[in-house]
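To start, the structure under review is shown below, and the notes come after it.
In what follows, chains carry the letters A, B, and so on, assigned in the order in which the sequence lines appear, proteins first and then strands, with residues in each chain numbered from 1.
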Amino acid sequence: MIDFHLDRASGVATYLQLVHQVKHALRLGLLRPGDRLPTAKDVVARLAINPNTVLKAYRELEREGLVVGRPGMGTFVERTLGGASPAARARLHADLSRLALDAREAGLDQEDLEALFASVLGDTYREEIA
Amino acid sequence: MVWLTLRQHRMQLLAMLVLLLGAGALLLFSGLEAQGYAAAHAPPGCPGQQDVCGEVNAGLADRYDAVYLFVGMLPLAAPVLVGAFWGAPLLAREYEQGTNKLAWTQAASLRRWLTVKLALLATAVTVSGLVMSAMVSAWLPGFREAKGDTSFANAGVFSMVGVSPAVWWLFAFLFGAASGTVVRRVLPAMAVAVLGVVTVTFVLFNLRDTYAEPVRLVTTHYETALDRGAMMKELTWLSPSGVESALPPFDVCSMPNTQRGAIEQETCLFEKGYQRVFYHHPTSRFWRFQWTEAGILLAGALPLGGLTVIRTLRRRN
Amino acid sequence: MTPALEATGLGKRYRGGWALRDLSLAVPEGRVVALVGPNGAGKSTLLHLAVGLLDPTHGTVRAFGEPVRQAGVAFMAQDKPLYDGFTVAEMLRFGRTLNPGWDDDLARNRLAELEIPLRRKVGRLSGGQQTQVALTLAVAKRPRLLVLDEPLADLDPLARQDVLRALMSTVAESGMTVVFSSHVVADLKDTCDWLVVLNRGRLQVSGDIDELVAGHRVLRGPVEAADAIADRLPVIAHERTDRQATLLVRSAQPVPDPRWHEHRVDLEQMVLAYLRDPGSSALPRPALAALGKDDRPWSG
């Protein structure tokens, strides 16, 4: 079960924080298809937020096809994110590790590499972010 | 709703119960003790008006006076307490503590809330007054021969028998309630209630002998001619030529300087043809006076109750 | 759909003058409404009118299309009045006696969860516990509309959070409409989805919070271009240095001029800007049409 938390100082809209946390959990495999998301009542009783905010977040996730609401039963995870197979994941992990070592030998520190990575990501996924 | 009223006012109800039980115990004890005393000490035919009864009459009168210290306080004290502790806080406390905002936003209407409270407490206070009256009325006859019938002539006793306590207490309750809706704070409302009830008491006590045209009795034998429990309004002298004056003539018989002298002067004046005039209300007017006073008080209580209801129901502020 | 709360031309005059003037608003059902305004703005007056504790001088106020006294409205007044001499259990009995729709299980479960002893006298509870008891009394009536006057005032941050959590889970469960007033905007940010701003007895803002936030933006740019913006868009607040101007404008669309940098507006910032400028207002169009000077419709 996912445990939501809020970063009130972040300036990110509350419902988006919830959406991001569900997606993050899906990516890390903490939530799997068939899992039930906490009810709106459970979430608001913990976070003291408006129930409509939770419903809005769940609607957004539903719109993206990640979860599905079953009336009277709750909201269930429909599919996972980061859809690659475990083999592909392992290969990418190895590739990235090698790349990180290369970068260190080339004299880049952690922040340099992060900036470089972010810029590449920006170029690669531009249309999705916009 | 009945539960709520009883719960909110249980201290007042309890205090009233204690007062009634205490007064009942005192009056019962006094009555029985006086009866025992009379049975043990009274010569045949006593208590009564004969000279032989003097001693037992005095003994009974002492016992009466001791209890009267308490009973005689009640005509003023009881309405004051009822007005200050039953009436004044009824709405003033709700306003002061803001609980009116709680009580008046429930599903049960304000009208019903107020009706139950007023009706229940008004009934309780009226019934208590009637119980008090019944107890005092039961206690009085044991002293009637020795002390005379005081229930009409004595202002204090008159206020504790008949319907008097019931209407007085009801009036005081509504006076307090009305002052609570006007002032809306407990202590000032209590002060207003005390002041109001005391004022009305003094005014009515002084007006009582004007409830009817007094009977004019001209006599020289008032011991027998005059009703013993009559309420006296005025006492004058009537000269043989038919002139009425408040004071006896100073040049006909010698002026008294002792009590015995006063009796001698009176006898002297009677011999010279003077008579006494008694303007009085005979005891037969007891109920007429009771109902007149009840009418006056209820006529005052009605607008007070109306004021309470209107000021509470009208939500201007 | 019938609004949960609807005021039309509502006005209230006390002896000292008008507390509320010509107020018209409609709050949809199921909303959690924040009523915001400085002290003396008329918040309590509006709430007292909405629960039938006061009769209006002018206009009408209705809940779900019915007169408010018959509409199943619950109220918690500012000082959270309770009978101090009553035990908590007696307060529940009070609620049961005066409300046919009383849910005793709900009340008892709620208090049990909060670990508030039923046999304790109300006067001996902490401030937070008293608020919870008062809230329980209001909620156990199963109202369709719950009105709370400054429910969080005088509470420490922990109790504040507890009350909000309890309130929000009740809303999630029952779908009731809630209106609460506060002068601390931060309390309302995550809990409310509808904003009503009162200022000096007049309605300034009434609307969906997301839409209001989306409909306003902060612009930062050259001071010489500020007047051109002000000609086109309603400016709620502006700050100027000799070179730079920062404007809070009402506009649903971005400003195409590249000299201006746009920022998302923060709810608290927006509320404060309105309160500082009592002349401006953000109201649904029908209400806006009734206004005088500031009724220029903004361009989209």
More than 12 non-hydrogen atoms from neighbouring residues, nucleotides or ligands closer than 6.0 Å to CH2 on C:W18, yes or no?
yes
For residues 87-122 of chain C, give me every residue with a non-hydrogen atom less than 4.5 Å from any non-hydrogen atom of chain B.
C:E90, C:M91, C:R93, C:F94, C:T97, C:L98, C:N99, C:P100
Does the pair C:L137 and B:L102 meet the rule for a side-chain contact (heavy atoms from CB on, under 4.5 Å), with working shown?
CA-CA 9 Å; C:L137 276 181; B:L102 177 69; 4.1 Å; yes
Minimum heavy-atom distance B:K101-C:F75, with the two atoms named:
O-CD2, 4.0 Å
Does the pair B:E94 and C:Y83 meet the rule for a side-chain contact (heavy atoms from CB on, under 4.5 Å), with working shown?
CA-CA 9 Å; B:E94 303 273 353; C:Y83 294 109; 2.7 Å; yes
Measure the CG-CG distance between B:N100 and C:L53 for me, rounded to the nearest 0.5 Å.
7.0 Å
Chain C neighbours within residues 5-19 of chain B, where any heavy atom lies under 4.5 Å away
B:R7, B:Q8, B:R10
Take atom CZ of B:F85 as the centre, draw a 6.0 Å sphere, and report whether it contains more than 12 heavy atoms from other residues, nucleotides or ligands.
no
Can you list the residues of residues 106-116 of chain B that sit under 4.5 Å from chain C, counting heavy atoms only?
B:Q106, B:A107, B:A108, B:W113
Find out whether C:F86 and B:L4 are in side-chain contact, i.e. whether some heavy atom of one side chain is under 4.5 Å from a heavy atom of the other.
yes
Step through the shown structure and confirm whether more than 12 heavy atoms of other residues, nucleotides or ligands are within 6.0 Å of CZ on B:F29.
no
Against chain C, residues from residues 158-181 of chain B with at least one heavy atom under 4.5 Å, in numeric order, are none
Side chain to side chain, B:T105 and C:V73, heavy atoms closer than 4.5 Å
no
